[in-house]
Chemist: 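Take a look at this one; I'll ask things after.
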Amino acid sequence: MSTLSIRDVLAGKAPVGSSTTIRGWVRTRRDSKAGISFIHVHDGSSFHTIQVVAPKELPNYEADILKLGAGCSVICTGEVVASPGREQPVEIKATAVQVVGWVDDPESYPMAKKAHTLEYLREVAHLRPRTNTIGAVTRVRHCLAQAIHRYFHEHGFFWVHTPIITASDAEGAGAMFRVSTLDAMNPPRTAGGKVDFAQDFFGRESYLTVSGQLNVETYCMALSRVYTFGPTFRAENSNTSRHLAEFWMIEPEVAFNDLAANADLAEDFLKYIFRAVLNEQPDDMKFFADRVDKECISRVEKFVGSRFERMDYTEAVARLERSGEKFEFPVSWGIDLQSEHERYLTEKLVGRPVVVMNYPRDIKAFYMRQNDDGRTVAAMDVLAPGIGEIIGGSQREERLELLDRRMDEMKLNREAYWWYRDLRRYGTVPHAGFGLGFERTIIYATGMANIRDVIPFPRTPGHAEF
RNA sequence: UCCGGAGUAGCUCAGCCGGUAGAGCAAGCGGCUGUUAACCGCUGGGUCGGGGGUUCGAGUCCCUCCUCCGGAGCCA
């Protein structure tokens, strides 16, 4: 006799006729007056539940089994048998059903045996992993994370754990959360009356990181191919289905790569991880296609099978202007592309993923490499049908003089970036990288509509309860 | 933050021109059945988001605040 995951039992690791034990939580119970109860048990190991058939001869049939409901935890032992029912290949003919934990008030148990809206489930984030949907999201999230590490590992990248606390301000990536141990009610003051952050824990103002890029560049200048994969924080008051205050980001950085190589990497990488989801989580993807988004499998298959279009920003603007489409925000050279423009480009104009390259320098960050035309930088965005921007990246400015000039123009303090500037002083090389929002990637693969449902405990303005 | 929509039973919602609260699901009990979104019957379950106002009377009309959802901006 062995204790197996439900996934393993359904996969045939316990042959028909053998005895096995499974452990998990009850989804549903149905009784037959022929003297048996059908108990569906899940343990998260796969999308499917297993059907445990409990006969009335069990000593605790009346006392326990007839009282089982959704959420109760059980340990079930019995013989694996071929199921007469159509819905499952095998089931467990129970010789023992031990109730480990009851649900103390079934009527008010938030995860009752019925469909719940995702909005409601967010209010019970501690119990929602028990649902089909959140379970499937969790397994796909894991699969993508594993595929990301595997891709980079197989391609000679090293995972660099960049810091979560940073003193680098003004990276231009958005508002930051302050990290401080000062008494917020009564902080120490300087002679001038300002808060004296010299007395703070780090001896200076510090924040939660908005990007690991600047730090990871230092390792890129020694280990050549590196990436970060960790949490990132933005204190923006964003209330949308695509933004979180705490999210996970993947940022590869490659020495000697130019913008074209950067785009090639983004394309190869994205296709690899989406292929992994299709291959490794077919049951979960089928669930998403059935219940969440009919198109999700075909969309991912198409994404994996199509060549990404490359287009200069200048050309993209010209084609948007010529499109005859009425946009809420008019297009002209020099503006940043709006969501509606990006969607038009990738969904209508091209019908495939598009890499838009070489943006006007005035709308992009100081570290992006300046092109010879004097007005654009070697930036790129990967736009995907159905979601818009999925990746933002660039070739970095490796020439100290040009970097300094740009920092001056943007009124950034050179001193504060002394170590970043050092990389350009000591053996500088061209290099490039990009950032991929992990949760947005999950949204794309699963068809889930709201980013708050693809991260276990979403942090958004006003929300950090769980 | 701006624009729009919505807060009524555990959940999802209906509730007309103001007259004192409804359904489905869930839950409990019973019936039936190798069941599987089970089915049939019965029962319990409500500070109608909070506060204020108009009115003989407010779930319904007005003001205000709060919360949630969608879209936009910021971005990943």
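For the numbers below, each heavy atom of this structure counts, side chains included, while hydrogens, waters and symmetry mates do not.
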Chemist: For residues A/Tyr313 and A/Ser332, report the shortest heavy-atom separation together with the two atoms involved.
Modeler: OH-O, 3.7 Å
Chemist: Tell me if the centroids of the rings in A/Phe327 and A/Tyr344 come within less than 6.0 Å of each other.
Modeler: yes
Chemist: Would you verify whether the NZ or CZ of A/Lys364 falls within 45 degrees of the ring axis of A/Tyr359 while also being under 6.0 Å from that six-membered ring's centre?
Modeler: yes
Chemist: Could you go through residues 89-100 of chain A and list every donor-acceptor pair under 3.5 Å that involves a side-chain atom there, pairing it with any protein atom two or more places apart or in another chain?
Modeler:
from, atom 1, to, atom 2, distance (Å)
A/Glu91, OE1, A/Gln51, NE2, 3.0
A/Glu91, OE1, A/Ser83, OG, 2.8
A/Thr95, OG1, A/Thr77, O, 3.2

Chemist: Where does B/C42 land, syn or anti, given syn is within 90° of 0?
Modeler: anti
Chemist: Does A/Arg29 qualify as a cation-pi partner of A/Phe38, given the criterion of NZ or CZ under 6.0 Å from the six-membered ring centre and within 45 degrees of its axis?
Modeler: no
Chemist: Mind running side chain to side chain contact (heavy atoms under 4.5 Å, CB included) on A/Leu345 and A/Met311 for me, showing each step along the way?
Modeler: CA-CA 10 Å; A/Leu345 277 176; A/Met311 191 185 295; 4.2 Å; yes
Chemist: Please enumerate all residues that pass side chain to side chain donor-acceptor pair (under 3.5 Å) together with A/Arg361, with sequence neighbours excluded.
Modeler: A/Gln370, A/Glu409
Chemist: Would you classify A/Leu244 as touching base, sugar-phosphate or nothing, given that sugar-phosphate means primed atoms plus P, OP1 and OP2, and contacts are heavy atoms under 4.0 Å?
Modeler: base
Chemist: Do A/Thr228 and A/Glu251 meet the criterion of a side-chain donor-acceptor pair at a distance under 3.5 Å?
Modeler: yes
Chemist: Using a 4.0 Å cut-off on heavy atoms, which residues in residues 138-149 of chain A reach RNA chain B? List them by number, or say none.
Modeler: none
Chemist: State, without any angle test, whether A/Asn371 and A/Thr376 hold a side-chain donor-acceptor pair at a distance under 3.5 Å.
Modeler: yes
Chemist: Residues from residues 80-90 of chain A sitting under 4.0 Å of RNA chain B, heavy atoms only?
Modeler: A/Ser83, A/Pro84, A/Gly85, A/Arg86, A/Glu87, A/Gln88
Chemist: Between A/Phe438 and A/Pro106, who's closer to the 5' end of RNA chain B by nearest nucleotide?
Modeler: A/Pro106
Chemist: Heavy-atom contacts under 4.0 Å between residues 336-360 of chain A and RNA chain B, which residues?
Modeler: A/Gln338, A/Ser339, A/Arg343
Chemist: Say we look at B/C42 and B/U47: how far apart would their P atoms be, to the nearest angstrom?
Modeler: 25 Å
Chemist: Tell me whether the rings of A/Phe434 and A/Phe269 are parallel (<30°), tilted (30 to 60°) or perpendicular (>60°).
Modeler: tilted
Chemist: Assign A/Arg242 to base, sugar-phosphate, or nothing according to its heavy-atom contacts below 4.0 angstrom with the strands shown.
Modeler: base
Chemist: Assess whether a salt bridge exists between A/Arg406 and A/Glu397, defined as any Lys/Arg side-chain N lying under 4.0 Å from an Asp/Glu carboxylate O.
Modeler: no
Chemist: How far, in whole Å, is B/C66 from B/G24 if one measures between their P atoms?
Modeler: 38 Å
Chemist: Expressed as a whole number of angstroms, how long is the span from A/Glu236:CD to B/A76:P?
Modeler: 10 Å
Chemist: For B/G18 versus B/A58, give the span between their P atoms, rounded off to a whole number of Å.
Modeler: 13 Å
Chemist: Under the ring-ring contact (aromatic ring centres under 6.0 Å, His included) test, which residues partner A/Phe158, sequence neighbours left out?
Modeler: none
Chemist: Tell me, with the steps shown, if A/Phe247 and A/Phe233 meet side chain to side chain contact (heavy atoms under 4.5 Å, CB included).
Modeler: CA-CA 6 Å; A/Phe247 63 99; A/Phe233 308 86; over 6 Å; no
Chemist: Report yes or no: is there a donor-acceptor pair, N or O only, under 3.5 Å between the side chain of A/Glu91 and the base of B/G34?
Modeler: yes
Chemist: Between B/A9 and B/G15, how far apart are the P atoms? Round to whole Å, please.
Modeler: 15 Å
Chemist: Write out the stems for RNA chain B, ordered by first number and formatted as range with range, counting runs of at least 3 consecutive Watson-Crick or G-U wobble pairs under 3.5 Å.
Modeler: B:1-7 with B:66-72, B:10-13 with B:22-25, B:27-31 with B:39-43, B:49-53 with B:61-65
Chemist: Could you tell me the separation between the NZ atom of A/Lys13 and the OG1 atom of A/Thr20, rounded to the nearest 0.5 Å?
Modeler: 12.0 Å
Chemist: Contact class for A/Glu328 vs. all strands (heavy atom < 4.0 Å): base, sugar-phosphate, or nothing?
Modeler: nothing
Chemist: Taking atom P of B/C68 as reference, at what distance in whole Å does atom CG of A/Asn450 sit?
Modeler: 12 Å
Chemist: Distance check, P atoms only: B/C69 and B/U8, in whole angstrom units.
Modeler: 14 Å
Chemist: Report yes or no: is there a donor-acceptor pair, N or O only, under 3.5 Å between the side chain of A/Ser238 and the base of B/C74?
Modeler: yes
Chemist: In whole angstrom, give me the gap between the C1' atoms of B/G22 and B/C2.
Modeler: 38 Å
Chemist: Starting at CZ of A/Arg452 and ending at P of B/U67, how long is that distance when rounded to a whole Å?
Modeler: 14 Å
Chemist: Using whole Å, report how far CG of A/Leu208 lies from P of B/A76.
Modeler: 17 Å
Chemist: So, A/Arg141 and A/Glu439, do they make that salt bridge, N to O below 4.0 Å?
Modeler: yes
Chemist: Can you tell me how far P in B/C3 sits from the matching atom in B/G41, rounded to whole Å?
Modeler: 50 Å
Chemist: Nearest heavy atom decides the nucleotide; on that basis, is A/Arg291 or A/Ser241 closer to the 5' end of RNA chain B?
Modeler: A/Arg291
Chemist: In whole Å, I'd like the distance from the CZ atom of A/Phe327 to the C1' atom of B/A72.
Modeler: 16 Å
Chemist: Give me the distance, rounded to whole Å, that separates B/C17 from B/U55 when you measure between the P atoms they each carry.
Modeler: 22 Å
Chemist: Could you give the distance from CZ (A/Arg396) to CG (A/Leu259), rounded to the nearest 0.5 Å?
Modeler: 10.0 Å
Chemist: If the condition is ring-ring contact (aromatic ring centres under 6.0 Å, His included), which residues does A/Phe438 pass it with, not counting sequence neighbours?
Modeler: A/Phe229
Chemist: What is the minimum heavy-atom distance between A/Arg178 and A/Tyr207, and which atoms define it?
Modeler: CA-CD2, 3.9 Å
Chemist: For A/Asn60, enumerate each residue passing the side chain to side chain donor-acceptor pair (under 3.5 Å) test, keeping only those at least two apart in sequence or located in another chain.
Modeler: A/Asp64
Chemist: Using only heavy-atom distances, decide whether a donor-acceptor pair under 3.5 angstrom links the side-chain of A/Arg122 to the base of B/C69.
Modeler: no
Chemist: Give me, pair by pair, the N or O atoms of the protein and of nucleotides 7-12 of chain B that are less than 3.5 Å apart, along with how far apart they are.
Modeler:
from, atom 1, to, atom 2, distance (Å)
B/C11, O2', A/Lys114, NZ, 3.1
B/C11, O2, A/Lys114, NZ, 3.2
B/U12, OP1, A/Thr117, OG1, 3.3

Chemist: Can you list, in residue-number order, the parts of residues 22-44 of chain A that come under 4.0 Å of RNA chain B, counting heavy atoms only?
Modeler: A/Arg30, A/Asp31, A/Ser32, A/Lys33, A/Ala34, A/Ile36, A/Phe38, A/His40
Chemist: Of the non-hydrogen atoms in A/Leu4 and A/Ala14, which two are nearest, and what is the gap between them?
Modeler: CD1-CB, 3.5 Å
Chemist: Would you indicate, yes or no, if B/G73 has its OP1 or OP2 atom less than 4.0 angstrom from a side-chain nitrogen or oxygen of A/Asn239?
Modeler: no
Chemist: Show me the side-chain donor-acceptor pairs of residues 109-118 of chain A shorter than 3.5 Å, one per line, residues at least two apart or across chains.
Modeler:
from, atom 1, to, atom 2, distance (Å)
A/Tyr109, OH, A/Arg130, NH1, 2.9
A/His116, NE2, A/Pro110, O, 3.3
A/His116, NE2, A/Ala112, N, 3.4
A/His116, NE2, A/Ala112, O, 3.3
A/Thr117, OG1, A/Tyr120, N, 3.1

